[in-house]
Visitor: 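Here it is, the structure, as C-alpha cells.
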Number of protein chains: 2
Amino acid sequence: MTLLPPTPPAAAPHTKRRTVAELSHDFRLANGRLARRVRQEQAENELTGGQFSALGAVFRLGPMTLSALSEEERVTPPSMNRTVNALVQAGLVDRAGSAEDGRKVILTVTPAGLALVKETRRRRDDWIAKRILRLTPEQRQVLAAATDIMKELTDS
Amino acid sequence: MTLLPPTPPAAAPHTKRRTVAELSHDFRLANGRLARRVRQEQAENELTGGQFSALGAVFRLGPMTLSALSEEERVTPPSMNRTVNALVQAGLVDRAGSAEDGRKVILTVTPAGLALVKETRRRRDDWIAKRILRLTPEQRQVLAAATDIMKELTDS
DNA sequence: TATTGTTATACTCTATAACTATA
DNA sequence: TATAGTTATAGAGTATAACAATA
C-alpha cells in the first residue's frame with residue numbers, strides 16, 4: 001500500500017515515500033526516542049520519576065484524596081502512600097484530613113511544590129524550544145499540525 | 001513571536017496559530033503522552049521494561065560484551081549483569097566466553113529472543129498502524145514529515 | 001459491613017564496593 | 001597494574017496482606 005499522493009504537499013516536499021507499515025514503525029521509534037531524550041532532562045531534578053509524576057497530577061487536577069491519586073497514577077494506595085510521604089517530607093505536598101469524611105486525606109501542592117513543577121516544566125519546554133527555534137517556519141508548521149494529529153492518535 | 005506564515009500550507013490548513021513557546025509545550029506533551037500510550041501496549045509482555053530494552057539493544061547492535069551493553073543502556077555492569085542473567089535464564093540471550101579475550105563475554109540473541117523482539121515490535125507497530133490507517137492521506141503526509149523532523153530534534 | 005488510609009513484609013531493579021580471572 | 005565480569009549488600013519503588021479508623 002502506498003501512502004503519498006503523486007505530488008506531495010508543499011509543507012514537506014522532501015519526505016521519502018513510506019507505506020503505512022513503514023510510517024508506523026518509523027514514527028513510533030522517532031516518537032519514543034524523542035520522549036526518552038526529553039525525559040533525560042529531568043535527571044537534574046532531585047525527585048524520582050514517580051514522585052514528580054504524582055506531584056504533577058496533584059498540580060494538574062487540584063486537591064485530591066490518596067485513593068484518587070493512586071488511581072490516577074495506576075499504583076496501589078500503599079505505594080502511593082509511600083510516594084506521598086516523600087513529597088510531604090520534602091515540603092512539596094500538604095496532607096490534611098478531610099472535614100466532611102474523617103477517613104479521607106486531602107492532598108494539595110504547596111507553594112514550593114508549585115515552584116518546582118513550574119521550574120521543571122519550563123526546563124523541559126526550553127530544551128525542545130531551543131531546537132524548534134532552529135527549524136524553518138515550514139518545519140514548525142509540520143510539527144504544529146503533527147501535534148494535533150498525535151493528540152488524535154492518543155485519544156482514539 | 002508568531003509562528004505561521006500569512007497563508008498556511010495546504011497540508012494542515014486548520015492548525016491553530018502558536019508561538020514557539022506554545023508549540024514547544026504542546027508538542028512535548030503530545031509526544032510524551034503518545035509515547036506513554038504506546039508503551040502501555042508492552043504491558044502484555046512477560047519481560048520488564050529494562051529487560052526488553054536490553055534484549056532490543058543486543059538485537060539491534062548484534063553480538064556484544066556486557067560492558068558495551070551496560071554503556072548502551074546507561075546502567076552499571078552489575079545491574080546489567082542481573083538483567084542479562086534473567087534474559088539468559090529465559091532463553092532469550094546466549095552468554096559465551098570470548099575466544100580472543102578470556103575476560104570478556106559475548107552476548108547474542110537466541111532464536112527465541114529474536115522471535116520475541118519481532119512479535120513485540122509488530123504488536124506495537126500494529127497499535128499505531130491501526131490508528132494511522134484512519135487518517136487522511138494529508139495527515140499521514142504530515143506525520144511522515146514530522147518523523148524526519150523529530151529525528152533531527154532528537155539528534156541535535 | 002464497606003471504605004479509606006496505613007503498616008508490615010517481600011520482591012525487583014538499581015547502585016556502590018569488593019572480589020576473581022585475565023591481559 | 002588495568003580491565004571485564006561477578007558477587008555482596010543496600011536503597012528505592014512496587015506489590016499483597018493485615019490492621020485501624022470512620023461511615
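In what follows, chains are A, B, ... by sequence order, proteins preceding strands, each numbered from 1.
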Visitor: To the nearest angstrom, how far is Leu47(B) atom CG from dT12(C) atom P?
Guide: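 About 14 Å, once rounded to whole Å.
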Visitor: Verify, without hydrogens or angle tests, whether Arg140(A) (side chain) and Leu133(A) (backbone) share a donor-acceptor contact under 3.5 angstrom.
Guide: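 Pair found, side chain donor or acceptor close to backbone of Leu133(A).
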Visitor: Is the closest basic N to carboxylate O distance between Asp126(B) and Arg122(B) below 4.0 Å?
Guide: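 Looking at Arg122(B) together with Asp126(B), the answer is yes, because their closest N to O distance falls below 4.0 Å.
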Visitor: Using distance alone, with no hydrogens and no angle criterion, decide if Asn81(A) and Arg95(A) have a side-chain donor and acceptor under 3.5 Å apart.
Guide: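 Indeed, the side chains of Asn81(A) and Arg95(A) share at least one donor-acceptor pair under 3.5 Å.
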Visitor: Any side-chain N or O of Thr48(B) under 4.0 Å from OP1/OP2 of dC13(C)?
Guide: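 Indeed, a polar side-chain atom of Thr48(B) lies that close.
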Visitor: Would you say Gln51(B) reaches dT12(C)'s phosphate, i.e. side-chain N/O to OP1/OP2 under 4.0 Å?
Guide: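 No, outside the criterion.
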Visitor: Of Ala99(A) and Val75(A), whose closest DNA chain D nucleotide lies nearer the 5' terminus?
Guide: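 Its nearest nucleotide being more 5', the pick is Val75(A).
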Visitor: In whole Å, I'd like the distance from the CG atom of Leu69(A) to the P atom of dT4(C).
Guide: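 Nearest whole value for this atom pair: 14 Å.
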Visitor: Kindly confirm or rule out a cation-pi arrangement of Arg131(B) over Trp127(B), judged by NZ or CZ under 6.0 Å from the six-membered ring centre and within 45° of its axis?
Guide: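 Arg131(B) over Trp127(B) ring: yes.
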Visitor: When all nucleic acid strands are considered with a 4.0 Å heavy-atom cut-off, which category describes Thr83(B): base, sugar-phosphate, or nothing?
Guide: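 Here Thr83(B) touches the backbone only, sparing every base.
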Visitor: Kindly indicate, with the supporting measurements, whether the criterion salt bridge (charged side-chain N to carboxylate O under 4.0 Å, His left out) is fulfilled by Asp148(B) and Arg18(A).
Guide: CA-CA 12 Å; Asp148(B) 296 336; Arg18(A) 290 181 173 97; 2.9 Å; yes
Visitor: Would you indicate, yes or no, if dT12(C) has its OP1 or OP2 atom less than 4.0 angstrom from a side-chain nitrogen or oxygen of Ser79(B)?
Guide: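 No.
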Visitor: Taking only side-chain N and O atoms of Arg95(A), does any of them lie within less than 4.0 angstrom of OP1 or OP2 on dT6(C)?
Guide: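 It does, given that an N or O in the side chain of Arg95(A) lies less than 4.0 Å from OP1 or OP2 of dT6(C).
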Visitor: At what distance, to the nearest 0.5 angstrom, does CZ of Arg37(A) lie from CE of Met150(B)?
Guide: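 Those atoms lie 14.5 Å apart.
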Visitor: Which of residues 100-110 of chain B sit near DNA chain D, with a heavy atom under 4.0 Å from it?
Guide: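 The stretch gives Arg103(B), Lys104(B), Val105(B) as the residues lying under 4.0 Å from the strand, ordered by number.
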Visitor: Measure from CE on Met64(A) to C1' on dG5(C) and round the result to the nearest Å.
Guide: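 After rounding, the gap between these two atoms is 15 Å.
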Visitor: Expressed as a whole number of angstroms, how long is the span from Arg82(B):CZ to dT16(C):C1'?
Guide: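 Interatomic distance, CZ of Arg82(B) to C1' of dT16(C): 14 Å.
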Visitor: Taking only the side-chain nitrogens and oxygens of Ser67(A), find out if one of them lies under 4.0 Å from OP1 or OP2 of dT4(C).
Guide: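 False: Ser67(A) side-chain N/O out of range (4.0 Å or more) of dT4(C) OP1/OP2.
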Visitor: Is it the case that over 12 heavy atoms from other parts of the model lie below 6.0 angstrom from the CZ atom of Arg134(B)?
Guide: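 Correct, the count exceeds 12.
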Visitor: Which nucleotide of DNA chain D is the first, and which the last, in the 5' to 3' direction, to come under 4.0 Å of a heavy atom belonging to chain B?
Guide: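 Contacts span dA2(D) to dT7(D), reading 5' to 3'.
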Visitor: Nearest 0.5 Å, please: how far is CZ in Arg33(B) from CG in Leu153(A)?
Guide: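 Here the rounded value is 14.0 Å.
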Visitor: Would you kindly give the CG-to-P distance between Asn81(A) and dT6(C), to the nearest whole Å?
Guide: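 The answer, rounded to whole Å, is 4 Å.
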Visitor: Regarding Arg124(A) and Glu119(A), does a basic nitrogen lie under 4.0 Å from an acidic carboxylate oxygen?
Guide: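 Result for this pair is no, no salt bridge flagged.
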